[in-house]
Amino acid sequence: MGMPVSLALRGRHADDDLAAQAWANALEVLRTADRVFSTYRPDSYISRLNRAELTVADCPPEVAEVLALGERARVESRGAFDVRRFAGLDPSGVVKGWAVERAAQALAQLAGTDYCLSAGGDMVCQVSGPDSPAWRIGIEDPHQPDKLAAVVPIRDGAIATSGLHRRGDHITDARTGVTPTALASVTVIHRSLTQADIDATAAFALGADGLAWLRSRSERTGLVVLADGTRQLFGDSTRATTSSIMSAVMGRWATK
């Protein structure tokens, strides 16, 4: 999928044949997603859709699922996020989080084992019981990538970050085709990596409106770093899971 993928395991099956098989199964999910959705492979279903060789009905059902997620994101982001572009379909903004979340299901079968699956910096994290420590996830400072803007404890959930400091101008506002410059990075924590990844990208694409948009959405929490280096928290602190995360990192995420 053109990105680094890594796995950390702790517990009963951290280093055995079951772990090796689960890892192989997770990678196969990602490879299958690449074969179906890649815009770089001429034989992928998305490439063939863009050449009008197929209809959505001719594709695996996952294609319709991903396109429906993209359409919902378009509506919710007021058009800033859109998988339908002038050059054709490009569901990459949905597929990464969606595929990694699906791949993590193979790891969830490892009893008594904590896992953290990362792909391109977006992660699904799970601990197996109340005595397991949370995974501590570092968020890069987009202005100084060798430093951390925050460290987030996650026990059962996902985290996704969107920004330009690693991959250049790859995010645009679909309404204008222009790369926004108001935000340096957006990090979203949610129970679903699919949703966290979509929301992080959509908020970045919304530019100056991204932070207010995130604050209007329930069950999300996270950090926005503005272009001038200012850091802003968002989140529904009335929810227990969000409240525990917010209180754990509040000192590190204080606004400059």
Side-chain angles (χ1 to χ4, degrees), residues 4-30 69 96-141 147-162 185-200 214-215 217-224 231-254:
V5 180
S6 63
L7 171 65
L9 295 174
R10 304 182 304 211
R12 188 185 310 170
H13 297 293
D15 186 18
D16 62 12
D17 289 344
L18 288 177
Q21 185 58 57
W23 175 230
N25 292 343
L27 289 176
E28 183 54 31
V29 171
L30 297 178
L69 288 167
K96 183 174 75 167
W98 173 87
V100 175
E101 186 171 352
R102 286 166 62 93
Q105 294 173 12
L107 307 169
Q109 307 306 309
L110 298 173
T113 306
D114 307 338
Y115 65 84
C116 179
L117 178 63
S118 171
D122 295 346
M123 302 180 186
V124 177
C125 303
Q126 177 74 53
V127 298
S128 58
D131 296 330
S132 295
W135 292 99
R136 291 173 55 79
I137 308 302
I139 300 172
E140 284 184 347
D141 183 337
K147 300 183 183 299
L148 296 180
V151 177
V152 184
I154 300 181
R155 300 184 61 81
D156 180 10
I159 182 168
T161 298
S162 287
S185 71
V186 178
T187 297
V188 177
I189 302 164
H190 191 264
R191 64 178 180 275
S192 162
L193 182 57
T194 303
Q195 197 60 62
D197 194 25
I198 290 173
D199 278 24
L214 286 168
R215 285 177 169 161
R217 295 174 68 71
S218 63
E219 300 183 335
R220 279 89 167 155
T221 189
L223 173 69
V224 173
R231 301 171 189 176
Q232 295 285 344
L233 291 166
F234 64 90
D236 181 358
S237 61
T238 64
R239 294 184 175 272
T241 53
T242 300
S243 180
S244 64
I245 292 172
M246 296 290 279
S247 63
V249 299
M250 187 62 74
R252 295 173 182 263
W253 281 10

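These values consider heavy atoms only, across backbone and side chains, with no hydrogens, waters or symmetry-generated copies.
What you find for M123 and L193 is that their closest heavy atoms are O-CD1, 3.9 Å. Listed here is the closest heavy atom pair of A104 and L117: N-CD2, 3.9 Å. Between H190 and A196, the shortest heavy-atom distance links the atoms CB-CB, 4.0 Å. The heavy-atom pair separating W135 from Y115 by the smallest distance is NE1-O, 3.1 Å. Considering every non-hydrogen atom in both C125 and I137, the closest pair reads SG-CD1, 3.9 Å. Of all heavy-atom pairs spanning V127 and S132, the tightest one is CB-CB, 3.7 Å.
With values rounded to the nearest 0.5 angstrom, Q109 atom CD is found 11.0 Å from H13 atom NE2. Rounded to the nearest 0.5 Å, atoms OG1 (T187) and CG (D122) are 9.0 Å apart. Here CG of L9 is found 9.0 Å from CG of D15. Values are rounded to the nearest 0.5 Å. Rounding to the nearest 0.5 Å places CG of L148 at 7.5 Å from CD of E140. Remark: I139 CD1 to I159 CD1 distance equals 4.0 Å, nearest 0.5 Å. In this structure, CG in L27 is found 8.5 Å from CG in L7, a value given to the nearest 0.5 Å.
Between S128 and D114 there is a side-chain heavy-atom pair separated by less than 4.5 Å. Side-chain contact between V188 and F234 is present, with heavy atoms from C-beta onward closer than 4.5 Å.
Remark: the Q21 side chain and the N25 side chain contain an N/O donor-acceptor pair separated by less than 3.5 Å.
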- side chain to side chain contact (heavy atoms under 4.5 Å, CB included) between Q126 and L107, intermediate numbers included: CA-CA 9 Å; Q126 177 74 53; L107 307 169; over 6 Å; no

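A donor-acceptor pair is defined here as one N or O able to donate and one able to accept, closer than 3.5 Å; such a pair exists between the side chain of R155 and the backbone of G129. A donor-acceptor contact shorter than 3.5 Å links the side chain of R220 to the backbone of S218.
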